[in-house]
Every structure is written in C-alpha cells, then in structure tokens.
2 protein chains.
Amino acid sequence: MAKVGIKDIARIANVSLATVSRTLRTPDLVQEATRQRVLDAVAESGYRPNRMGMNLRTQRTGNIMVVIPDITNPFNADLIRSIEETASSHGYAVLLGDTQSSPESEKQYVDLVEVGQADGLLYFSGRNPFNINPDKPLLDQIPTMVNSNEELDLEGIDKVLLDNAKAAHEAVQYLLALGHTRIAAVTGPMNTKSANGRLQGYRDALEQAGLIVDDKLIIEGDYHIDAGVEATEKLLQLKQRPTAIFCFNDDMAIGAINVLQANDYRVPEDMSVIGFDNILYSTYVRPALTTVSQPVEEIGRLCAEKLIARLRGVHSEPSTEYVSHQLVIRDSTGPAPE
Amino acid sequence: MAKVGIKDIARIANVSLATVSRTLRTPDLVQEATRQRVLDAVAESGYRPNRMGMNLRTQRTGNIMVVIPDITNPFNADLIRSIEETASSHGYAVLLGDTQSSPESEKQYVDLVEVGQADGLLYFSGRNPFNINPDKPLLDQIPTMVNSNEELDLEGIDKVLLDNAKAAHEAVQYLLALGHTRIAAVTGPMNTKSANGRLQGYRDALEQAGLIVDDKLIIEGDYHIDAGVEATEKLLQLKQRPTAIFCFNDDMAIGAINVLQANDYRVPEDMSVIGFDNILYSTYVRPALTTVSQPVEEIGRLCAEKLIARLRGVHSEPSTEYVSHQLVIRDSTGPAPE
DNA sequence: TTGTACGCGTTATCAC
DNA sequence: GTGATAACGCGTACAA
C-alpha cells in the first residue's frame, strides 16, 4: 500500500508537519479548527505515525526484553503471561528471549536492549551477562533492569525474590511432622541460587530435627520432568531408600510420581512426594501434588511494574522485594510408612 | 554510560562516518589498513551500532510479531519455543502477543506490525483483524504474514495447517474399532475452524459407521482444563451415558479424567478418554493419555521459515502447507464396557 | 578507496 | 497558535 506519511497529512490538511505532530501528541496546543482539519485528514487517509521514526526521535521503543530460560515450563509461561499483561496495560510490548539456559543466548538477548531494540530488561537468570568494570559506577554499565527468580550477583539493582531457604525449610518440616526421617531432595542445577537456597533450607530443617543429612539422598536435577524421572530411579536403587522425596519443582515431582507408580509404589502410602511452584497441572496429576506455591502472577506484575516505573524516570533506591510462598497440601504426601 | 556513537569512532579512527559504516556492513569495500583502524577503534570503545537509527534507515526492525491466544497452553508454549528458535537462528527476535483470545488485543498487536514495530506477523487466530477493502489488492492491505492453527478466512496468504477433520476422524474410528458406540465430543469454541473441522471428522466417522449423532453428547468447550471438567460432569449426568469421550485438546482430556476418577470411574475400563495435541504432560498423567499428536516443532519452524523467506523478498505464490498428525495410543483408551 | 551529503519519519526548539 | 528547521543515528548514492 502506498504508505501515507506525516507529510501527506500536512499537505491534505494544509498545515505544517509540526502541527500534525502536535495534533497527535499535544492536542491542547493546537486550535480547535485546525485540529479538526488534521484529525479529519488522519481519519480519511488512515495515517498512523511510523514507529521507527518515533523510536529514533524519542529514543525509546516501547519494548521490554524478557530473558527467561524455558518458556515451556508452565511456571515461566504463567510468569510471561503476567508480565505481558502488565506491560501491555502500560503501553509496552514484550520482546521474548527464551534462552534454554544458554549463556550465549542470554548475552545475545541482553545485547538487544543495549543497542536500543528495547528500553529495559527483565532478567530471570543468575548468570551475569555483563562485563562490569568495578571502577566505574554500575548503573552506567547496565541497562535499566529488574532481576528475579534466579538472583544475580549484583548489588544495586531492583530484584523480586522468594525466600527459597525458608520455603524449602517449611516443606521439609511438614514432611518431618508426618514422621519421615529419610527425605530425599531432587534439586535444580547447583549453579543456581534457587537450588542452593532450597537445599540450604532442606539441610537446616533436617539438622534442626537432629537428623544427619545423607548426601546419597541429594540428587541434582535441572527442573525438567526427565530429571525427576532419573533421580527417582536412582533413589529407588538405594539400599536405604527414602520415604519421601522433595523435588525442587513440580515438573520433576511429576516425573518422580510417574516412576514410583510404574514400579508399583503407592503415593503417598509408600512414598510421599512434594513439589515446588504449584503449576496448574499439579492439581490434575494423580495423586494431586503437595507443593510450595509461588505467587507467579504477583512476581510477573511486580517485575513489570518496577521496570516500567524506572523507565518512566523514577529514581528511588534500588530495592529487593520479597514475595511470599505458601505450602499447598494435597494428596501426594502422607504419614511415613512403618 | 556516555554512549559512544558512530561519530566518535570516525573521530578516533580518523575517517569519515561513511567509512565506519562501511567497515561494519560491507568490509570488502574498505582497505585493509583503514578497516583495521576502524575495527580497533570499535573494539576499544565498545561501540555498537544503534538499532533505532539502523531500523529507521533500513526500514526493518528484525522483529517478528507472534499473535497467539494463550501462552500458558503447553501446545502454544512449545510452538513459541520453536518459532523463537528458528527466528533467532535467522537473526530475528520475537515480539510476543498473548491475546487471551481478545479481539481487541489481536487488533492491537497486529497494529504494531502495521506501524513498523515488527517486520512480519505470525497469526494464530481465526479472527480477521484487518479492514479489507475488497476492491483493492489484498496484499497491499495486510502486512507480510503467515497464518496457522486457526485458519483465517483470507485467500492468498501463506498458511500452515493441520487437517483437523481427518485427524478427528481417525481418532473416532479408533474408538469405534474398540467397540464404542456412544462417543462424546468435548469441542473447542465453535466459532473456530479447528473445532468445526474436528467436529466434522467426528460426525463423519460416526455416520460412516452407521451410527446416529446424538447432540446431547456434543458439548462445547474452550480448550481449558476447566471446560473438560464441566463438560464431563454434564456427560455423567446423562441418562444415556457415553462410554468414551473425545476431547478436542489434551488439557480438557486431563480435566475429564480428573472428574471421572473423582467419581470412581476407571479409565479406560469404564470410560475411554482421548485427547488432541500430545502435550508433554499427556505422557505423565495417569492413565497416560491417548491423543492425536500435532508436529508442534515442525509447525513453529515452518511458520517462521515461511515468514522470514517472505521478509527476505521471496515472491512465490502464497501457499498452504499441511502438516501431518499421528494417533498416539496410550492407556486412557480401551475396549468399550459391556 | 574514501568523503560528502542526503534521507529514513518523527518530535522538539525556536522564531514568528 | 503555527511554521521552519534542526536533530535522532545510521546507510548509501554519488562525487572525488
């Protein structure tokens, strides 16, 4: 289509370019009559300001970059849904960076905001993608950003976090209260803060109960279903089997239950399983999953709101906001077997 | 940070702006020595071309807009993963438009590409967001785009589709072969082509088997788990209950199984359930779900490749590509009860 | 091979 | 209240 531009409108309405722009941006500054002439011309011709020109001139794109490891994980999908909803309501669009946990990919997407393809960054990874010169002020070297889920090792940026240790502590305490003493942990990648935090909570809870932590019962996973499958297979081979398995996310817990049932273990009579995240499917799995709920909608909203506030020029101190978890008890946990 | 621009590089390397640009875009056109001087200056200063300037000048953004109804549906999440992977490998980034099936939202995101915030459009909805003037050529009135999943009622654009009728036909035939004669259907929204196509296949299969279609056994859903729950509750209240339920996606099938088990029905002994999509969780639900598999990775890749080819100026006839489904038999279907 | 100059489409700063 | 005009940062035709 013969793209109609601001010049065409100016010609049709018999005004200058400036007046067209003003009519659209600051209508109050232009007289009723001329304003109407311009608006008529706009309506007639279907003119719409070109974003590339706008972006260059205003030095903003209206995009926010979201860097996240795995969009096929329902927790992350829910997170993005929430971010996108918030962003959209503020006039921002979401540029999606699904990195599959690849550091190169993370850097590549962060680059995009550094070269001005997006105004700000929502970063859900713990790996530092920046080359920081410690002698210069940090904020001069990184884009406007908010960090969440996996804590980044940087002081002075906005973060939205969950107290992983406390949440895990609570989950394990619940299992202890049910009489379990041999409790396994299927962790996330141990190079992440989330997995380390949860593992710390697990250890603390056991030790506070006077139990010794058996490293054989701790198996590293990667938050995918398959990891839950493999870890559980290993656990079942142990001479001293656990009576409960604490998986550091729901997907792995679903994998665990699957293996248990395939090997004729009853859940929770023979083995309790507890997850983390409270994804939608955890309700529909049999038995329904006991899990630690994260307020995913709130996390997404907070992240987007904080970022957008910064983009709008809010200059408060960078802060870390903690959101609260909740233990959701369903049917996959029960008293320890004799 | 004091942003370093192309002018700074030109000054440092003691060349003109043009030479800097050439060194970066068409290195062959610049002499070895000067090229090196420029590259050194670039490396030293950490200069990177600003995308807003680039975008305006080249009239392209490197973004593709993906408009999709619900990113929390695992099928769609897998789809986006595949799109993003393909796009990324071709140097494109994904602008995400999760519309939650809202027509306003669909229009709003399509607008974004029309005003030049993205170069092309991947459109996974059946609602026409354009105001088409039938007297003018279609391609002059719509952006470069590919349509998939829900077929759009427009001739002359690229599409990637599944033969829904055939796939559903096959699923129902399989149930018929197991001896089922009262087969329920939990559909998608009946204003979508996918649901209508699948329902047509369902009807055809029944009629070809000499059965009459009982409209009481057809319940409209919306592809969410809850719809499967509610539909199944209704079906169980019927005086003449079905012995099998064909859900038009896996999420609703998962909801159906949940209700059945809660009411002490055994699946598949008392009631068979079959889904559609073959999402990851269908393997891990108990019993594992029999379902019609869509090649989601292929769909995403094809969509992205077709679009990018167009963006690169390929001028072949617009075409509709059909991808093939596959019936995946697991444990949620069995012989009809006596 | 390199430099000059223009334009991409818009907004903002001046004058008038 | 409105109109020229200068940026925004870059790529490229043209001239040198």
Side-chain angles (χ1 to χ4, degrees), chain A residues 1-39 41-42 45-63 91 111-119, chain B residues 1-39 41-42 45-63 91 111-119:
Chain A
M1 41 196 148
K3 275 288 175 199
V4 26
I6 196 172
K7 277 174 293 199
D8 303 301
I9 304 301
R11 193 168 26 73
I12 298 176
N14 198 30
V15 293
S16 72
L17 300 187
T19 301
V20 177
S21 181
R22 266 192 296 256
T23 306
L24 267 25
R25 301 298 149 214
T26 50
D28 304 336
L29 298 185
V30 44
Q31 212 168 16
E32 171 78 37
T34 41
R35 190 199 318 166
Q36 210 42 250
R37 264 207 335 278
V38 172
L39 290 178
V42 167
S45 61
Y47 163 73
R48 302 155 73 195
N50 178 294
R51 285 288 290 263
M52 296 170 186
M54 245 181 78
N55 293 349
L56 176 60
R57 177 63 231 223
T58 62
Q59 293 294 74
R60 53 181 299 280
T61 62
N63 295 336
D111 277 1
L112 239 33
V113 18
E114 294 183 330
V115 296
Q117 189 77 331
D119 303 336
Chain B
M1 38 194 150
K3 275 287 174 202
V4 24
I6 197 172
K7 279 173 292 199
D8 303 301
I9 304 301
R11 192 169 27 72
I12 298 175
N14 199 30
V15 292
S16 73
L17 301 187
T19 302
V20 176
S21 181
R22 267 192 295 259
T23 306
L24 267 25
R25 301 299 146 212
T26 51
D28 304 336
L29 298 185
V30 43
Q31 211 169 17
E32 170 78 37
T34 40
R35 190 198 317 166
Q36 210 41 251
R37 264 208 333 278
V38 173
L39 289 179
V42 168
S45 62
Y47 164 74
R48 304 157 70 196
N50 178 293
R51 285 288 291 261
M52 296 169 185
M54 248 182 75
N55 292 349
L56 177 59
R57 177 63 234 225
T58 61
Q59 293 293 80
R60 52 181 300 281
T61 61
N63 295 335
D111 277 2
L112 239 34
V113 19
E114 294 184 328
V115 295
Q117 190 78 329
D119 302 337

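Please read all numbers here as calculations on a predicted model, not as lab measurements. To find a chain, count down the sequence lines: A is the first, B the second, and so on, and within it residues start at 1.
- Here B/Q59 reaches the OP1 or OP2 of C/dG9: one of its side-chain N or O atoms lies under 4.0 Å away.
- If you check C/dT13, C/dG3, D/dG11 against the side chain of B/S21, the one that comes closest is D/dG11.
- For A/L24 and D/dT2, the CG to P distance is 14 Å, given to the nearest whole Å.
- Which of C/dT10, C/dT1, D/dG9 sits closest to the side chain of A/P49 comes down to C/dT10.
- B/R11 places its CZ atom 14 Å from the P atom of D/dG9, with the value rounded to the nearest Å.
- Following rounding to the nearest Å, B/R51 (CZ) and D/dC8 (C1') show an atom-to-atom distance of 17 Å.
- For the pair A/N55 CG and D/dA7 C1', the interatomic distance rounds to 16 Å; values are reported in whole Å.
- Whole-Å rounding puts the A/K3 NZ to C/dT10 P distance at 10 Å.
- Between A/N50 and A/M52 the shortest heavy-atom distance is OD1-N, 2.6 Å.
- Phosphate contact (OP1/OP2 of D/dT2, side-chain N/O of A/T34, threshold under 4.0 Å): present.
- Among the nucleotides D/dG9, C/dT10, C/dG3, the one closest to the side chain of A/M54 is C/dT10.
- Looking at the side chain of A/V15, the nearest of the listed nucleotides C/dT11, D/dG3, C/dC8 is D/dG3.
- Not one N or O on the side chain of A/R51 forms a donor-acceptor pair closer than 3.5 Å with the backbone of B/V115.
- Contact annotation: A/T19 does not reach the phosphate of D/dT2 (side-chain N/O to OP1 or OP2, under 4.0 Å).
- The two atoms that bring A/T61 and A/A118 nearest to each other are OG1-CA, 3.5 Å, heavy atoms only.
- Side-chain atoms of A/A18 lie closest to C/dA12 of the nucleotides C/dG3, C/dC8, C/dA12.
- Proximity note for B/R22 (side chain, C-beta onward) versus C/dC8, C/dT11, D/dA13: the nearest is D/dA13.
- Within 4.0 Å of B/I6, counting heavy atoms only, lie sugar-phosphate atoms of the nucleic acid but no base atom.
- Position along DNA chain C of the nearest nucleotide to B/N14 versus B/R57 favours B/N14 as the more 5'-ward residue.
- Nucleotide D/dA13 holds its P atom 15 Å from the CZ atom of B/R25, rounded to whole Å.
- Separating the CZ atom of A/R60 from the C1' atom of D/dG9 is a distance of 18 Å, rounded to the nearest angstrom.
- At the heavy-atom level, B/L29 lies under 4.0 Å from base atoms of the strands shown.
- Nearest to the side-chain atoms of B/N50 among the listed nucleotides C/dT1, C/dG3, D/dG9 stands D/dG9.
- Rounded to an integer number of Å, the gap from CG of A/L17 to P of D/dA4 is 9 Å.
- Taken from CG in B/N55 to CZ in B/R60, the straight-line distance is 8.0 Å, to the nearest 0.5 Å.
- Within the structure, side-chain hydrogen bond (donor to acceptor under 3.5 Å, both in side chains) contacts touching residues 26-35 of chain A (residues at least two apart or in different chains) do not occur.
- Nucleotides of DNA chain C nearest to A/V20 and A/K7 differ in position, and the one nearer the 5' end is that of A/K7.
- Comparing D/dT2, D/dG11, C/dA12 by their nearest atom to the side chain of A/Q31 picks out D/dT2.
- Side-chain N/O atoms of A/R35 and base N/O atoms of D/dG1 include no donor-acceptor pair closer than 3.5 Å.
- Residue A/M54 comes nearest to A/P49 through the heavy atom pair SD-CB, 4.5 Å, listed as atom of the first residue, atom of the second, then distance.
- Distance from the side chain of B/S16 is smallest to C/dT4 among C/dT4, D/dG3, C/dT11.
- Closest approach to the A/Y47 side chain among C/dG3, C/dT10, C/dG9 is made by C/dT10 (side chain taken as heavy atoms from C-beta onward).
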